Amino acid sequence: MEENDQTPPSEEMQSLTVTPSASSLSNPTTPQLLSLEERFQLVRSVGEECIQEDELRNLLDKKPLPICYDGFEPSGRMHIAQGVMKTINVNKLTKAGCKMKIWIADWFAQLNNKMGGDLKKIKTVGEYLIEIWKAVGMDIDGDKVEFLWSSDEINSRAHEYWPLVMDIARRNKLPRIMRCVQIMGRSEQDELTAAQIFYPCMQCADIFFLKADICQLGMDQRKVNVLAREYCDDIKRKNKPIILSHHMLPGLQQGQEKMSKSDPSSSIFMEDEEVEVKTKIKKAYCPPQIVEGNPCLEYIKHIVFPWFNKFKVERNPENGGEKIYESFEELVSDYESGGLHPGDLKPALAKALNMILQPVRDHFSKDPKAKDLLKRVKGYRVTR
């Protein structure tokens, strides 16, 4: 068979193309009141890191409806970063005129042995995730957000997907793929199955398969997104996917770099009862006058301020009285000086989080389908 290393496996995979538009007004979903700079700043605020900013600005200028993607393994109950932070980020992106594709990665969860590899359980968890995003306030009106199941999409377009996966696999050495196993919550020292070696090649292919212009995933997914840009170099593709990596919210205990579903005390879950939220925040690591590595301050910065644009502390008059912080910087200044004590900050944080989560609790207590989903998901054993 004739070989041609410069030709990608399918012409239909030529996504990521920025086509000039005479006027953004030609697309009714493009925001009419935001300038290019405002749209750029809004999208850029989603990411702790952006590769590359000039490409992002050009994309927003030239393409009427950029496509963003994020993927989730249905692997258990949803914590607040997946629920609230993701909703905040998606709503920013759609406000800036982007379309969001959320990849419900059921096959990937099976490859990674989540829910013991039981696809039926995995699909139940996936339905539960969607119910939460709807309940917490993700702006899904119109065609702004699309939920796609990996098994359905791959099966329906297998002739596009698998040649792309195979091409990515044959162009990369095993050590390069092994550097990506972090995306599954694994390390290169772990004893991995063959399925888990295959996983990064598939996730890299997802980006092109979904025609994503922007990879909007967490910092822990950075390595496979960089692999996708390297693949563009391999096949001589000019327009590369832009990487917009969001911040990873730490666990609530000291030294926990990220939340863990297997350790309930490390995170707030989206349907936690009010008293559970209060208890978890009360027990959270929050050293006086220390900002660095303080998970309570991280929650305030990345969840409370983006949601409410303020942070309200209620205190007795002898302890300083009620104070409303209009910026995170103002709060940090007070906290570092000792003007704001953890004993006052924690109840205020718990109250703010409970206000955000109450609509989710209401939905899962009143909606029969959601109630049944939660009952089943809570009954599943989390596996790695």
Side-chain angles (χ1 to χ4, degrees), residues 41-42 44-49 79-89 92 136-137 218-220 245-261 263-270 272-361:
Q41 293 298 336
L42 190 57
R44 181 62 186 86
S45 70
V46 167
E48 184 171 287
E49 177 186 62
H79 55 60
I80 202 164
Q82 288 179 323
V84 178
M85 274 185 66
K86 177 47 54 181
T87 295
I88 290 168
N89 289 341
K92 283 182 178 181
V136 78
M219 287 292 293
D220 60 337
S245 304
H246 62 250
H247 179 73
M248 300 296 292
L249 207 61
L252 289 171
Q253 305 307 312
Q254 184 176 5
Q256 292 180 328
E257 291 185 3
K258 58 187 288 188
M259 288 177 282
S260 170
K261 292 176 183 176
D263 179 7
S265 69
S266 74
S267 62
I268 304 294
F269 291 106
M270 290 297 293
D272 273 348
E273 295 297 335
E274 185 175 349
V275 66
E276 291 178 289
V277 174
K278 289 179 179 178
T279 300
K280 288 180 180 181
I281 295 299
K282 186 177 182 179
K283 293 180 178 179
Y285 178 66
C286 190
Q289 298 179 265
I290 304 295
V291 173
E292 190 71 26
N294 189 324
C296 289
L297 292 179
E298 289 262 333
Y299 269 54
I300 294 169
K301 179 179 181 180
H302 295 284
I303 293 179
V304 178
F305 268 107
W307 196 272
F308 295 110
N309 295 312
K310 62 182 180 181
F311 182 66
K312 183 178 179 181
V313 176
E314 296 172 335
R315 297 177 290 200
N316 294 327
E318 58 268 26
N319 292 330
E322 179 183 296
K323 183 162 185 179
I324 297 176
Y325 293 94
E326 303 288 349
S327 73
F328 182 69
E329 291 71 25
E330 180 189 6
L331 183 147
V332 165
S333 177
D334 255 15
Y335 193 80
E336 285 183 318
S337 70
L340 176 60
H341 190 270
D344 296 314
L345 180 142
K346 283 185 172 185
L349 171 57
K351 184 174 182 178
L353 296 178
N354 273 318
M355 288 175 67
I356 296 170
L357 297 179
Q358 192 56 47
V360 179
R361 288 194 283 258

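Note that the structure is a prediction, hence the values are computed from the model and not measured.
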Scanning both residues in full, the closest heavy-atom pair of H79 with M270 reads O-CG, 3.8 Å
Using a strict threshold of under 4.0 Å (side-chain N to carboxylate O), is an ion pair present between E322 and K312?
yes
Out of curiosity, K351 NZ to I281 CD1, how far, rounded to the nearest 0.5 Å?
15.0 Å
Below 4.5 Å, heavy atoms only, C-beta onward: do I324 and F308 meet side chain to side chain?
no
Is atom CD of E318 surrounded by more than 12 heavy atoms (other residues, nucleotides or ligands) closer than 6.0 Å?
yes
The reported gap from CD in E292 to CD in E298 (rounded to nearest 0.5 angstrom) is 8.5 Å
Nearest 0.5 angstrom please: L357 CG to E274 CD, how far?
10.0 Å
For T87 and G83, work out which heavy atoms get closest and say how close.
OG1-O, 2.7 Å
Counting only heavy atoms not in E330, do more than 12 fall under 6.0 Å of its CD?
yes
Determine, stepwise, if the pair I300 / F305 fulfils side chain to side chain contact (heavy atoms under 4.5 Å, CB included).
CA-CA 6 Å; I300 294 169; F305 268 107; 3.6 Å; yes
Check E276 with K278, please: is the shortest side-chain N to carboxylate O separation under 4.0 Å?
no
Non-hydrogen side-chain atoms of M248 and E257 separated by less than 4.5 Å:
no
Would L345 and L297 satisfy side chain to side chain contact (heavy atoms under 4.5 Å, CB included), going step by step from the backbone distance to the final call?
CA-CA 9 Å; L345 180 142; L297 292 179; 3.6 Å; yes
Is there side-chain contact between C286 and K346, with at least one heavy-atom pair below 4.5 Å?
yes
Once rounded to the nearest 0.5 Å, what's the spacing between atom CD of Q82 and atom CG of L249?
11.0 Å
For a 4.5 angstrom cut-off between non-hydrogen side-chain atoms, does L340 reach R315?
yes
Taking the side chain as everything from C-beta on, heavy atoms only, tell me whether P295 gets closer than 4.5 Å to Q256.
no
Measuring from F311:CZ to E326:CD, what's the distance to the nearest 0.5 Å?
13.0 Å
Just so I know, are the side chains of H302 and H247 near enough to count as touching, which here means a heavy-atom distance under 4.5 Å?
yes
Ignoring hydrogens, what is the shortest heavy-atom contact between F269 and K280? Give both atom names and the distance.
CD1-NZ, 3.5 Å
Is a donor on one side and an acceptor on the other found under 3.5 Å between the side chain of N354 and the backbone of A350?
yes
Shortest non-hydrogen contact from K283 toward Q253:
O-OE1, 3.7 Å
Check the pair L252, I268 against side chain to side chain contact (heavy atoms under 4.5 Å, CB included), reporting the backbone distance first and the verdict last.
CA-CA 9 Å; L252 289 171; I268 304 294; 4.1 Å; yes
Can you check whether E329's main-chain N or O pairs, donor with acceptor, with S333's side chain at less than 3.5 Å?
no
Taking C-beta and beyond as the side chain, do I80 and D272 meet within less than 4.5 Å on heavy atoms?
no
Going by atom types alone, do D334 and Y325 pair a side-chain donor with an acceptor below 3.5 Å?
yes
Is a side-chain donor-acceptor pair under 3.5 Å present for Q358 with R361?
yes
What are the two closest non-hydrogen atoms of P306 and K301, and how far apart are they?
CD-O, 3.2 Å
S245 vs M219, test: side chain to side chain contact (heavy atoms under 4.5 Å, CB included). Steps then yes/no.
CA-CA 5 Å; S245 304; M219 287 292 293; 3.3 Å; yes
Side-chain contact, heavy-atom cut-off 4.5 Å: Y335 with P342?
yes
Specify the closest pair of heavy atoms between N294 and I290, including all atoms of both residues, with the distance to one decimal.
ND2-O, 3.0 Å
